A.B. asks: 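Have a look at this one before I ask anything.
Just so we're clear, the structure is a prediction, and the values are computed from it rather than from any experiment. Keep in mind that the numbers below use all heavy atoms, side chains included, and drop hydrogens, waters and symmetry copies.
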Amino acid sequence: MRNQNIRNIAIIAHVDHGKTTLVDKIMHQCALFRENQQTGELILDNNDLERERGITILAKNVSVDYKGIKINIIDTPGHADFGGEVERVLNMSDGVLLLVDAFEGPMPQTRYVLSKAIALGKKPILVINKVDKENCRPEEVHESVFDLMFNLGANENQLNFPTVYGSAKRGWMGGDWKHPAEDVTYLIDEIIGHIPAPVIQEGTVQMQITSLDYSSYLGRVAIGRVTRGSISTGQQVMLMKRDGKQVKSKVKELYVFSGLGKMKVEKVECGDICAVLGVEGFDIGDTIADIENPEAMPPIHIDEPTMSMIFTTNTSPFFGKEGKHVTSQKIRERLYKELEKNLALRVEDTESPEKFNVFGRGILHLSVLIETMRREGYELSIGNPRVLIKEINGQKHEPVEILTIDAPEEVAGKCIELVTQRKGDLLVMEPKGDMMHIEFEIPSRGLIGLRTLVLNTTAGEAIMAHRFKEYQPVRGEIPSRINGTILAKETGRATAYSMDKLTDRGKFFIEPGVDVYEGQIIGEYSKSGDLVVNVVQAKQLTNFRASGTDDKSTLPPPIKMSLEESMEYIQEDEYVEVTPLSIRLRKIHLTENERKRYANKALSM
């Protein structure tokens with residue numbers, strides 16, 4: 001028996017293929033807002049970081065009513081680094097909406113999430129978006145999606161998927177891309193017609209916690225789908241922990257999703273997604289079960305981390321000037337709090353009480369955590385990213401990823417050269433519109449710092465994406481940064497006078513008038529090795545005038561690096577100093593004597 005009044009659907013798409021925009025349009029179609037209500041765009045990307053980067057990081061739930069049927073829409077992240085979010089969310093849905101760009105076609109992350117959905121047996125609906133774009137190719141994209149699903153081992157029912165064409169930005173979806181429709185009702189009818197309704201399983205209550213919410217007023221809230229029986233307010237339940245422990249608990253309040261918010265209810269039937277209050281000490285993956293006959297559901301499997309970084313307290317001379325939370329205790333508390341909801345993350349204490357080893361799924365995954373902490377007022381230093389090496393059958397193995405680059409034809413050769421230098425193997429090279437589509441197999445180590453090089457080589461025209469494939473035997477040395485750095489000799493304020501004399505030595509990362517300290521990296525040296533310079537020396541003023549002494553200083557604009565670029569840029573003996581107001585690069589050992597001592601120590605070992 002099925003609950004015909006509910007449909008649960010997850011949206012899968014690559015970064016920036018328009019899924020959040022489509023959800024906005026579905027919400028407007030189902031009259032979720034008053035006529036005069038100001039909503040803005042990308043209603044679901046409500047986190048500042050998500051709006052700035054234009055990507056979805058956290059999976060979110062929205063519910064709309066259409067012709068008396070409740071549709072729970074779950075927005076999922078499109079980036080493989082947030083795969084931990086995606087896998088949990090798919091457990092709540094009965095089908096997926098696969099959203100693909102009419103020009104770009106299925107991308108690596110689409111493939112990653114789709115493989116998870118197909119393995120779980122979810123029914124897909126294909127939505128080919130942005131068909132109003134010039135040089136779009138909907139028919140070819142449809143073929144490539146079919147081939148992709150076939151290669152991923154989809155069954156006959158999954159391969160017999162309905163296809164919807166449209167433009168989410170212009171607010172229409174229809175059965176034929178050449179004839180634009182009026183609105184998105186065609187898509188909503190397809191969802192109701194093709195996505196199976198949830199099966200009603202009779203028996204005692206069973207609900208797996210797949211995500212959590214936190215409110216300062218209510219505390220921690222468990223979110224999940226009722227897979228068997230029903231759950232009511234005031235009910236005594238048993239919390240089944242992942243490690244086999246059982247904890248008695250009581251449901252204080254129940255909420256179901258209604259629109260963008262939650263609505264309080266007394267009872268939730270099988271198949272609906274709800275939020276439970278009152279259950280204490282739960283983790284994601286635990287099961288809320290019957291108090292007398294508790295049965296746990298199989299735990300959620302999450303992919304292992306592939307990268308680690310050292311998080312430590314800020315020890316620079318500017319310590320505590322810009323941040324509120326600066327002690328190791330505060331940083332430790334914040335990292336362990338993040339573990340509650342960020343399943344793909346791991347934190348380990350090290351021998352030093354001020355250093356923590358943080359493991360994640362990639363640079364983006366870790367940089368989003370660092371950026372969030374920075375905005376909350378934390379001040380910390382971060383070491384360079386390291387790839388996790390595993391030992392399999394006595395041989396060292398490292399993570400290998402599939403990298404795709406879409407670049408203009410004239411620079412494709414340069415891109416291939418850059419990737420092969422980093423132990424990448426060329427798999428595919430084919431034209432795609434006026435771009436060249438190239439695919440490689442490359443160790444994760446080779447990806448660190450590669451994006452900056454590729455963007456510089458292609459003048460910013462290349463589009464890069466990568467996804468984890470498997471562990472393979474270690475491929476040997478990979479060349480790291482060739483150029484050395486320019487270091488500040490003493491603490492003070494940088495002057496244009498000093499910097500002007502040094503422009504031929506390399507490129508600067510700072511502007512005149514910025515405070516610097518000894519050991520801070522202020523630029524990139526044009527040769528290898530490090531160059532220590534005095535940039536705080538001001539011009540000596542005298543009463544004498546002579547031609548040629550008053551040259552105007554004309555400095556080229558400094559190189560400004562984002563947090564991810566800084567993380568990829570640094571090497572073993574360097575840190576990124578992150579504060580709420582600045583991102584600085586520095587040497588771990590600030591004085592030249594210290595650096596020499598440690599260099600000699602390393603040589604003698």
Side-chain angles (χ1 to χ4, degrees), residues 8 10 57-61 72 74 76-77 82-93 201 203-257 261-303 332-347 369 372:
N8 296 318
I57 295 168
L58 304 162
K60 289 176 252 352
N61 299 8
N72 286 316
I74 308 153
T76 63
F82 308 108
E85 286 270 331
V86 176
E87 291 159 57
R88 306 195 320 246
V89 167
L90 290 173
N91 287 337
M92 291 202 280
S93 67
Q201 291 188 26
T204 56
V205 64
Q206 231 184 8
M207 169 185 152
Q208 190 159 37
I209 299 167
T210 43
S211 60
L212 58 88
D213 203 355
Y214 182 81
S215 94
S216 47
Y217 172 58
L218 298 168
R220 290 174 78 212
V221 182
I223 297 171
R225 173 177 161 175
V226 182
T227 31
R228 192 175 73 193
S230 60
I231 189 166
S232 320
T233 306
Q235 185 176 343
Q236 297 282 340
V237 290
M238 186 73 80
L239 180 68
M240 312 286 289
K241 305 286 288 175
R242 292 181 73 145
D243 55 10
K245 280 187 192 161
Q246 299 184 4
V247 184
K248 285 184 180 175
S249 206
K250 184 181 176 182
V251 177
K252 287 183 186 164
E253 288 178 20
L254 274 178
Y255 293 85
V256 291
F257 290 91
K262 298 185 186 80
M263 184 171 73
K264 195 170 174 181
V265 290
E266 290 299 311
K267 187 176 184 182
V268 177
E269 294 296 338
C270 181
D272 205 352
I273 295 170
C274 66
V276 180
L277 248 117
V279 178
E280 292 296 323
F282 64 84
D283 290 306
I284 288 168
D286 295 351
T287 308
I288 293 174
D290 185 60
I291 189 130
E292 286 166 7
N293 305 310
E295 284 179 62
M297 291 176 70
I300 302 169
H301 169 72
I302 301 292
D303 282 359
R332 186 177 189 278
E333 280 172 13
R334 177 66 183 82
L335 288 173
Y336 278 93
K337 189 180 166 198
E338 184 69 23
L339 288 179
E340 290 181 2
K341 59 178 188 291
N342 197 334
L343 277 202
L345 198 75
R346 283 216 321 266
V347 179
L369 166 65
T372 311

A.B. asks: Give a yes or no on whether the backbone of Pro298 and the side-chain of Gln208 come within a donor-acceptor separation of less than 3.5 Å.
C.D. replies: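 Side chain of Gln208 to backbone of Pro298: a pair is present.
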A.B. asks: What's the shortest heavy-atom distance between Asp290 and Asn293, and which atoms?
C.D. replies: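 Here Asp290 and Asn293 meet closest at OD2-N, 3.1 Å.
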A.B. asks: Could you check Thr372 against Leu369 for side chain to side chain contact (heavy atoms under 4.5 Å, CB included), going step by step and ending with a plain yes or no?
C.D. replies: CA-CA 5 Å; Thr372 311; Leu369 166 65; 5.5 Å; no
A.B. asks: Looking at Pro294 and Ala289, what are the two nearest heavy atoms and their distance?
C.D. replies: CA-CB, 3.9 Å
A.B. asks: Tell me the closest heavy-atom pair linking Val347 and Tyr336, and the distance in Å.
C.D. replies: O-OH, 3.8 Å
A.B. asks: For Glu253 and Val276, indicate whether the former's side chain and the latter's backbone hold a donor-acceptor pair under 3.5 Å.
C.D. replies: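 Not a single qualifying donor-acceptor pair exists.
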A.B. asks: One pair to check against salt bridge (Lys or Arg N to Asp or Glu O under 4.0 Å): Glu338 and Arg334. What are the steps and the verdict?
C.D. replies: CA-CA 6 Å; Glu338 184 69 23; Arg334 177 66 183 82; 3.0 Å; yes
A.B. asks: Donor-acceptor pair, distance only, cut-off 3.5 Å: does the side chain of Thr287 make one with the backbone of Met297?
C.D. replies: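 Answer holds: yes.
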A.B. asks: What distance do Cys274 atom SG and Met92 atom CE have between them, rounded to the nearest 0.5 Å?
C.D. replies: 10.0 Å
A.B. asks: Do Ile291 and Lys248 have side chains that get closer than 4.5 Å, going by heavy atoms?
C.D. replies: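 Yes. Closest side-chain heavy atoms under 4.5 Å.
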A.B. asks: Which atoms form the tightest heavy-atom contact between Ala275 and Val221, and what is the distance?
C.D. replies: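 Of all heavy-atom pairs spanning Ala275 and Val221, the closest is CB-CG1, 3.6 Å.
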A.B. asks: Can you tell me if Thr233 uses its side chain to pair, donor with acceptor, with the backbone of Glu266 under 3.5 Å?
C.D. replies: yes
A.B. asks: Does any N or O in the side chain of Ser249 come within less than 3.5 Å of the main-chain N or O of Val237, such that one atom is a donor and the other an acceptor?
C.D. replies: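 Not at all, since once roles are kept as given, no pair shorter than 3.5 Å links the two residues.
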A.B. asks: Would you give the length of the straight line joining atom CD of Gln206 to atom CE of Met240, rounded to the nearest 0.5 angstrom?
C.D. replies: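 That separation rounds to 9.0 Å.
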A.B. asks: What's the separation between atom CG in Leu339 and atom CZ in Arg346, rounded to the nearest 0.5 Å?
C.D. replies: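 Answer rounded to 0.5 Å: 10.0 Å.
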A.B. asks: Nearest 0.5 Å please: distance from the NZ atom of Lys262 over to the CZ atom of Phe257.
C.D. replies: 5.0 Å
A.B. asks: When rounded to the nearest 0.5 angstrom, what distance separates CD1 in Ile74 from CG in Leu90?
C.D. replies: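 Separation between the atoms: 8.0 Å.
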A.B. asks: Is there a side-chain contact between Met207 and Arg228 (heavy atoms, below 4.5 Å)?
C.D. replies: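 No, too far: nothing below the 4.5 Å cut-off.
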A.B. asks: Check whether any side-chain heavy atom of Ile273 lies under 4.5 Å from a side-chain heavy atom of Val256, and answer yes or no.
C.D. replies: no
A.B. asks: Does the side chain of Gln246 reach to within under 4.5 Å of the side chain of Leu239, using non-hydrogen atoms?
C.D. replies: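 With C-beta onward as the side chain, the pair stays apart.
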A.B. asks: One pair to check against side chain to side chain contact (heavy atoms under 4.5 Å, CB included): Ile288 and Val226. What are the steps and the verdict?
C.D. replies: CA-CA 9 Å; Ile288 293 174; Val226 182; over 6 Å; no
A.B. asks: List the steps, then state whether side chain to side chain contact (heavy atoms under 4.5 Å, CB included) holds for Arg225 with Asn8.
C.D. replies: CA-CA 10 Å; Arg225 173 177 161 175; Asn8 296 318; 3.7 Å; yes
A.B. asks: Kindly give the heavy-atom pair with the smallest separation between Gln235 and Ser232, and that separation in Å.
C.D. replies: OE1-N, 2.9 Å
A.B. asks: Between the main-chain N or O of Leu254 and the side-chain N or O of Lys267, is there a donor-acceptor pair closer than 3.5 Å?
C.D. replies: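 Checking the backbone N and O of Leu254 against the side chain of Lys267, no donor-acceptor pair under 3.5 Å is found.
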